[in-house]
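Below: the structure, in structure tokens.
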Amino acid sequence: MATGMTIQGQTAKEQPRKMAKNKKKHKSALNFRGKKILPQTRIQLNELVDQVLQKCTTFAPQNPKQECEEYREIYKILQKICVIEKEYMLPLPVRQNHWEGFLAWCKQHGTQSDKVTIQPLDKEEYGIVAKSELKEGEVFLTVPRDLIISSTTAKKSKLGPLLEKDAILQEMPNVVLALHLLLEYFDPESFWQPYLSILPAEYNTPLYFTCEELEELQGSPALEETVKTCRNIARQYAHFYKTFQSNPAAKSLLLKDFFTYDFYRWAVSTVMTRQNSVPTPDGASRIQALIPLWDMCNHVNGIVSTDFNVEKNQLECFAMKNVNAGEQVCIFYGVRSNAEFFIHNGFVCLENPHDSIVLKLGMSKSDPLFTQKSQLCKQLGLPVTGKFHLHAGHEPVEKRLLAYLRVQVIKDDDILKINEEQNFDWLLNEDIQSTDHLTQDALVFLKTRITLLLRAYPTTLEDDEKLLQNEELSSRRHLAIMLRLTEKRILSSAFQYLINISQS
């Protein structure tokens, strides 16, 4: 499922969207028979939604532990909400029943994909597979703008009046796309029903993790951001639930009767795992979009191989390498860490050359030199408190991290010398093997921090490698363990790198 890639190029003006000639053919994609909720049940649901909104907006966690504890309480309320909403929720897609109709719809509306097809892979996943040999650089798939779902088509849909009045939606195009997706899904006459019918019924994004499964990330720097994401989506659900019940611009929408937490996390996960940036028709800006068929391409390390043809007003995807008939055709989702893949895409790439781990560092206000160090950070263009990275590969320490650590360990005498000479640039020296005492002290500081980070995990790297051999692990526990294993590999490699420098 393609995501995260920015499609380059500018497009010609948008053509009028073609409507399906035979809508009745596609109505079976959604059994549109929903049971409206009873008034007394609505009152109970309203109370639970209010609890979620209150917990998500009135409590500001001070640390990851508090964040997790608070989300556990929110999760319990969400589970109660899901039980109630299940009674009147419409069915989610059953994708295996609709591939033939989807591919016919794509072809009918101008998609060129004769060289490839969709085939099932392992673990109920699907992907694009070559029907014949493809040469590197050969176009194997084109998708016209008419088929793309975007924030532009959202404004032209029945959602348009609400978008004009809701301040939150005006600032969150990804949320706009999620609500647009839901509105089209609930409409059996939607032009995009053939596409919506082949989307997965659920995902492996953190929104589908139980609290127990999330606990596998204990010690991981990614846990805090993961829980924040889940908490933010819970808050959005509660906000829009109330909006659809009370806002005059939303009352006429089908969302009023069928908006549920399960549906919202499904729509959000669809957007998170599939959204991409494409040019507007006039080329003046970029918009978020879902691109049917192309988003069935899975990820592989490589280079961006998709562009937008200006003259033909269509997306074009090129083979990154030679592909034999029967082999999967993949694309590169872009430079992302495994934590980003985990949170936004629901997978982890064990061999990710662009992987990194976040280090949250800050100058202590109790440090007698806090003021001077803060001033140095400002002069060097560094944050006083911020996020830095250790990277996979041969050079794990990013240059700005090295400079920051030099400031972190600086002493009185050093500051006096720096102020006298008015020479700050040497702190930005990229030579990590420098023998000056600030660089050496900085590396000692970093080794200590890495040691503490490794100790924060309840398991070792070797433990995780053994755990991943357990075939009874749920797919989500497996993903969480893979993520923390890749983090430990980076930390262990970086530590050894620093040891080697100190011994050279």
Legend entry - Over 12 non-hydrogen atoms of neighbours within 6.0 angstrom of CD in Glu138: yes
Inset, instruction - Verify the distance criterion only: is there a donor paired with an acceptor across the side chains of Gln112 and Thr142 at less than 3.5 Å? - result: no
Inset, instruction - For the residue pair Val116 and Val129, establish whether any side-chain heavy-atom pair is separated by less than 4.5 Å. - result: no
Legend entry - Least distance between heavy atoms, Ser132 atom then Ala325 atom: CA-CB, 3.8 Å
Legend entry - Pairwise side-chain contact, Leu467 with Leu485, heavy-atom cut-off 4.5 Å (strictly under): no
Legend entry - Ring geometry between Tyr237 and Phe259 (parallel below 30°, tilted from 30 to 60°, perpendicular above 60°): parallel
Inset, instruction - Determine, using ring centers only, whether Phe388 and Tyr404 are less than 6.0 Å apart. - result: yes
Legend entry - Carboxylate-amine/guanidinium contact Glu133 Lys135, below 4.0 Å: yes
Inset, instruction - State, without any angle test, whether Asp295 and Tyr195 hold a side-chain donor-acceptor pair at a distance under 3.5 Å. - result: yes
Inset, instruction - Count the heavy atoms of every other residue, nucleotide or ligand shown that sit under 6.0 Å from CD of Glu100, and state whether that count exceeds 12. - result: no
Inset, instruction - List in chain and number order the residues that pass side chain to side chain contact (heavy atoms under 4.5 Å, CB included) with Glu202, two or more places apart in sequence or in another chain; answer none if no residue qualifies. - result: Tyr208, Arg476
Distance-only donor-acceptor hits, side chain of residues 347-354, under 3.5 Å, sequence neighbours excluded:
unit_1, atom_1, unit_2, atom_2, d
Asn352, OD1, His354, N, 3.0
Asn352, ND2, Arg336, O, 2.9

Legend entry - 4.5 Å side-chain heavy-atom contact, Asp146 and His109: no
Legend entry - Validation row: Leu359, Pro221 side chains within 4.5 angstrom (heavy atoms): no
Inset, instruction - Identify the two heavy atoms, one from Leu207 and one from Cys230, that lie closest to each other, and give their separation to 0.1 Å. - result: CD2-CA, 3.8 Å
Inset, instruction - Step through it carefully: locate the ring centre of Phe140, locate the ring centre of Trp294, and say whether they are under 6.0 Å apart. - result: no
Legend entry - Any side-chain donor near an acceptor of the partner, Thr459 and Asp464, under 3.5 Å: yes
Inset, instruction - Of all the heavy-atom pairs spanning Ala154 and Val176, show the shortest one and how long it is. - result: CB-CG1, 3.7 Å
Inset, instruction - Scan side-chain atoms only and decide if His344 and Thr205 contain a donor-acceptor pair under the 3.5 Å cut-off. - result: no
Inset, instruction - Side-chain contact test, heavy atoms from C-beta onward, threshold under 4.5 Å: evaluate it for Met172 versus Asn174 and give yes or no. - result: yes
Legend entry - Val175 and Val268, any side-chain heavy atoms less than 4.5 Å apart: no
Inset, instruction - Compare every heavy atom of Ile128 with every heavy atom of Cys297, then report the nearest pair and how far apart it is. - result: SG-CG1, 3.7 Å
Legend entry - Criterion ring pair (Phe, Tyr, Trp, His ring centres under 6.0 Å) on His394 and Tyr497, from CA distance to verdict: CA-CA 8 Å; His394 300 300; Tyr497 172 77; 9.2 Å; no
Inset, instruction - Verify whether one side chain among Tyr203 and Thr270 offers a donor that lies under 3.5 Å from an acceptor in the other. - result: yes
Inset, instruction - Please list all pairs passing the side-chain hydrogen bond (donor to acceptor under 3.5 Å, both in side chains) test where one or both residues lie in residues 259-268, with sequence neighbours left out. - result: Gln236-Tyr264, Asp262-Arg265
Inset, instruction - With sequence neighbours left out, write down each residue that passes salt bridge (charged side-chain N to carboxylate O under 4.0 Å, His left out) with Lys228, or none if nothing qualifies. - result: Glu224
Inset, instruction - List the steps and the verdict of ring pair (Phe, Tyr, Trp, His ring centres under 6.0 Å) for Phe342 and Phe209. - result: CA-CA 12 Å; Phe342 176 83; Phe209 278 59; 5.4 Å; yes
Inset, instruction - Please determine if Lys131 and Asp114 form a salt bridge, counting it only when a charged side-chain N lies under 4.0 Å from a carboxylate O. - result: no
Legend entry - Plane angle bin for Phe263 and Tyr185 - parallel if under 30°, tilted between 30 and 60°, otherwise perpendicular: tilted
Legend entry - Under 3.5 Å side-chain donor-acceptor pair for Ser220 and Glu487: yes
Inset, instruction - Quick one: list whatever passes side chain to side chain contact (heavy atoms under 4.5 Å, CB included) with Ala234, sequence neighbours left out. - result: Val52, Cys56, Ile74, Leu78
Inset, instruction - Would you tell me whether Glu136 and Asn322 have side-chain atoms, one donor and one acceptor, within less than 3.5 Å of each other? - result: no
Legend entry - Shortest non-hydrogen contact between Leu253 and Lys158, atoms and distance: CD2-O, 3.4 Å
Inset, instruction - Measure up the Tyr126 and Trp99 rings against each other and bin them: parallel (under 30°), tilted (30 to 60°), perpendicular (over 60°). - result: tilted
Inset, instruction - Applying side chain to side chain contact (heavy atoms under 4.5 Å, CB included), name anything that partners Glu212, two or more places apart in sequence or on another chain. - result: Arg72, Thr210, Arg477
Legend entry - Heavy-atom side-chain proximity of Leu443 to Ile501 below 4.5 angstrom: yes
Inset, instruction - May I ask you to test the Phe240-Asp166 pair for a side-chain heavy-atom distance under 4.5 Å? - result: yes
